[in-house]
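When reading the values below, keep in mind they use all heavy atoms of this one structure, side chains included, and skip hydrogens, waters and symmetry mates. Just so you know, these numbers come straight off a predicted model, no measurement behind them. Each chain gets a letter, A, B and so on, in the order its sequence line appears, and its residues count up from 1.
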Amino acid sequence: MQAFGLVDCNNFYVSCERVFRPDLEGKPVVILSNNDGCCVARSNEAKALGIGMAEPFFKVRHFVDSHGLVALSSNYALYGDMSAMVMSILADHAPGTEVYSIDESFLDLSGMDCVGDMTSWCRELRETMRRWTGIPVSIGVARTKTLAKLANRLAKKSPKTDGVLDLAGHPEWLTAALRRTNVGDIWGIGKQWAGICNLAGHRTAWDLSQAEDGWVRKTMGAVGLRTVMELRGTPVNDLETVPDARQTCCVSRSFGDTVDSFADVRDAIVTFASRASEKVRRDGLVAGAAHVFMQTDRFRRDQAQNSASTTVRLCPPTASTPLVVNAAIKGLTAMWSDGFRWRKAGIILLDLVRPEDVPRDLFAPPPNVRAEKLMAALDDANAKFGRGAVMFGLAAPDAAWKMKQGSVTPSWTTRWEDIPIARLGQPSSDRPAAQARMPRGPPSP
DNA sequence: TCTGGGGTCCTAGGACCC
DNA sequence: TCTGGGGTCCTAGGACCC
């Protein structure tokens with residue numbers, strides 16, 4: 001029997017922080033986006049205060065005083081590392097996994113009848129995850145990925161499921177589950193389509209599953225129709241165990257403060273271009289073009305608005321930092337205009353391909369072996385001494401465009417200096433958190 | 001005062017071809 | 001007066017995801 005599981009870490013970034021800061025347990029906690037702008041993760045207590053996903057922090061800052069809300073800057077080194085642990089444990093337990101996002105993975109549970117009761121198996125997996133990583137997860141199981149998502153959501157929401165809901169093994173629960181889910185909460189149905197569905201009288205997942213194919217196709221296109229098929233229990237999405245090579249790579253940031261000088265935006269773009277080149281090299285790819293863009297502050301209606309972008313071809317395709325940086329500066333120079341206060345800029349590397357798939361160009365210069373060696377040395381140095389140890393350009397550490405981060409927690413798992421110290425005997429007052437809750441980790445082979 | 005970043009896929013329309 | 005019928009490729013924009 002074909003079945004998909006969806007394992008989703010509960011309030012993932014908050015849970016990661018709580019592993020090393022158990023004092024945050026039971027408190028309302030939010031994790032902030034870059035520049036400490038928006039709340040991108042919320043503990044249950046924070047959700048109960050009515051704090052929405054991606055809610056601007058300044059709108060909820062008053063909860064800090066009134067309700068003891070704790071707001072932390074995001075610590076992606078920590079979350080990425082914790083995610084890798086979670087995913088490797090899942091890979092060891094299920095016959096196939098698809099890492100869907102930093103905190104979610106689909107499992108292939110087909111042919112797992114041998115485990116007997118699926119719900120018990122999932123409960124055990126959940127408990128293993130909690131013991132080995134400290135991260136609480138919810139698990140949904142169903143015949144299609146869309147339904148597994150739906151089951152997962154109910155498992156997370158409804159306390160009586162105890163974090164696990166198997167709709168594949170209990171088809172009699174399916175209709176009730178669909179009726180309890182609003183269309184807007186279906187995977188693949190966003191705000192726009194939810195509005196259209198509601199107008200047409202399709203308020204719940206059950207309603208939408210009964211909608212006419214022609215109507216769905218017309219209003220939501222091929223994508224919408226696939227979602228509806230999956231709601232009806234017909235799988236159209238397979239497990240993608242090998243991720244497709246990415247096609248684009250974007251590095252962009254809002255600036256800490258607006259900047260109006262060419263030199264400042266250029267410094268930012270040089271930094272972003274370097275970082276994007278590194279990411280593309282790490283994936284063993286080269287880029288055929290670079291798209292550079294910049295924007296003013298769209299929330300400041302009182303200021304002159306502008307946005308500019310340009311695409312520069314990279315011939316032949318490359319991931320070499322100096323070549324990408326040069327192209328980016330060329331693009332920026334071409335599109336620059338004075339007299340605006342720029343708030344955000346970025347670069348998107350496009351047409352990513354593996355170097356061996358680049359069509360041969362009769363007139364192309366021979367590969368620059370020295371440049372390639374230089375890039376390899378640069379990446380090695382940065383791997384050894386930390387990102388940014390060797391870099392292009394001279395970005396002032398206090399430049400206006402640099403992002404603001406008020407309260408980042410230590411890189412508990414990825415920097416030697418930050419690794420918590422476990423002591424036996426008398427508890428010490430300086431790091432009670434780490435002592436109490438160091439994750440045990442899976443046993444070494 | 002203060003509002004994230006990084007992706008994917010699909011569609012419609014235009015240019016161009018025979 | 002009468003004015004085809006496919007194709008393909010590219011791009012911009014819009015929807016979605018976390």
Need two values: the first and the last nucleotide of DNA chain C, 5' to 3', having an atom under 4.0 Å from any heavy-atom of chain A.
C:dA15 to C:dC18
Would you mind checking if A:Lys384 and A:Asp379 are paired as a salt bridge, meaning a charged N to carboxylate O distance below 4.0 Å?
no
Contact class for A:Arg298 vs. all strands (heavy atom < 4.0 Å): base, sugar-phosphate, or nothing?
sugar-phosphate
Reckon A:Lys191 touches a base, only the sugar-phosphate, or nothing at all at heavy-atom distances under 4.0 Å?
sugar-phosphate
Looking at every non-hydrogen atom in both residues, tell me the closest pair between A:Ser277 and A:Leu349 and how far apart they are.
N-CD1, 4.0 Å
Which is more 5' along DNA chain B, the nucleotide nearest A:Ala245 or the one nearest A:Arg300? Just name the residue.
A:Arg300
First encountered from the 5' end of DNA chain B, between A:Pro56 and A:Arg253
A:Pro56
May I ask you to say what A:Lys279 touches in the nucleic acid, namely base, sugar-phosphate or nothing, with a heavy-atom cut-off under 4.0 Å?
sugar-phosphate
Do the charged groups of A:Arg281 and A:Glu278 touch, with an N to O distance under 4.0 Å?
no
Interatomic distance at P, C:dC18 relative to B:dT3, whole Å:
25 Å
Would you find a donor on one side and an acceptor on the other, under 3.5 Å apart, between the side chain of A:Thr161 and the backbone of A:Ser158?
yes
Check against side chain to side chain contact (heavy atoms under 4.5 Å, CB included), A:Trp215 and A:His202
CA-CA 12 Å; A:Trp215 180 85; A:His202 306 310; 3.5 Å; yes
Using a 4.0 Å heavy-atom cut-off, does A:Ile189 contact any base of the nucleic acid, only the sugar-phosphate backbone, or nothing at all?
sugar-phosphate
Report which part of the nucleic acid A:Ile186 touches: base, sugar-phosphate, or nothing (heavy-atom distance under 4.0 Å, all strands).
sugar-phosphate
Before accepting this row, confirm whether a basic side-chain N of the pair A:Glu45/A:Arg18 lies closer than 4.0 Å to the acidic partner's carboxylate O.
yes
For A:Arg217, answer base if it contacts any base atom (sugar-phosphate contacts may also be present), sugar-phosphate if it contacts only those atoms, and nothing otherwise; contact means non-hydrogen atoms under 4.0 Å.
sugar-phosphate
Students often get this wrong, so: under 4.0 angstrom with heavy atoms, is A:Tyr100 touching a base, only sugar-phosphate, or nothing?
sugar-phosphate
For A:Asp36, which contact category applies under a 4.0 Å heavy-atom criterion: base, sugar-phosphate, or nothing?
nothing
Considering every strand and a 4.0 Å limit on heavy-atom distances, what is the contact class for A:Thr248: base, sugar-phosphate, or nothing?
sugar-phosphate
After noting the C-alpha distance and the side-chain angles of A:Asn34 and A:Lys404, does the key distance pass the side chain to side chain donor-acceptor pair (under 3.5 Å) rule?
CA-CA 7 Å; A:Asn34 287 331; A:Lys404 293 173 177 158; over 6 Å; no
Now, which nucleotide makes the Watson-Crick or G-U wobble pair with B:dC10, with each of the two distances under 3.5 Å?
C:dG13
What nucleic acid atoms does A:Glu104 come within less than 4.0 Å of, heavy atoms only: base, sugar-phosphate, or nothing?
sugar-phosphate
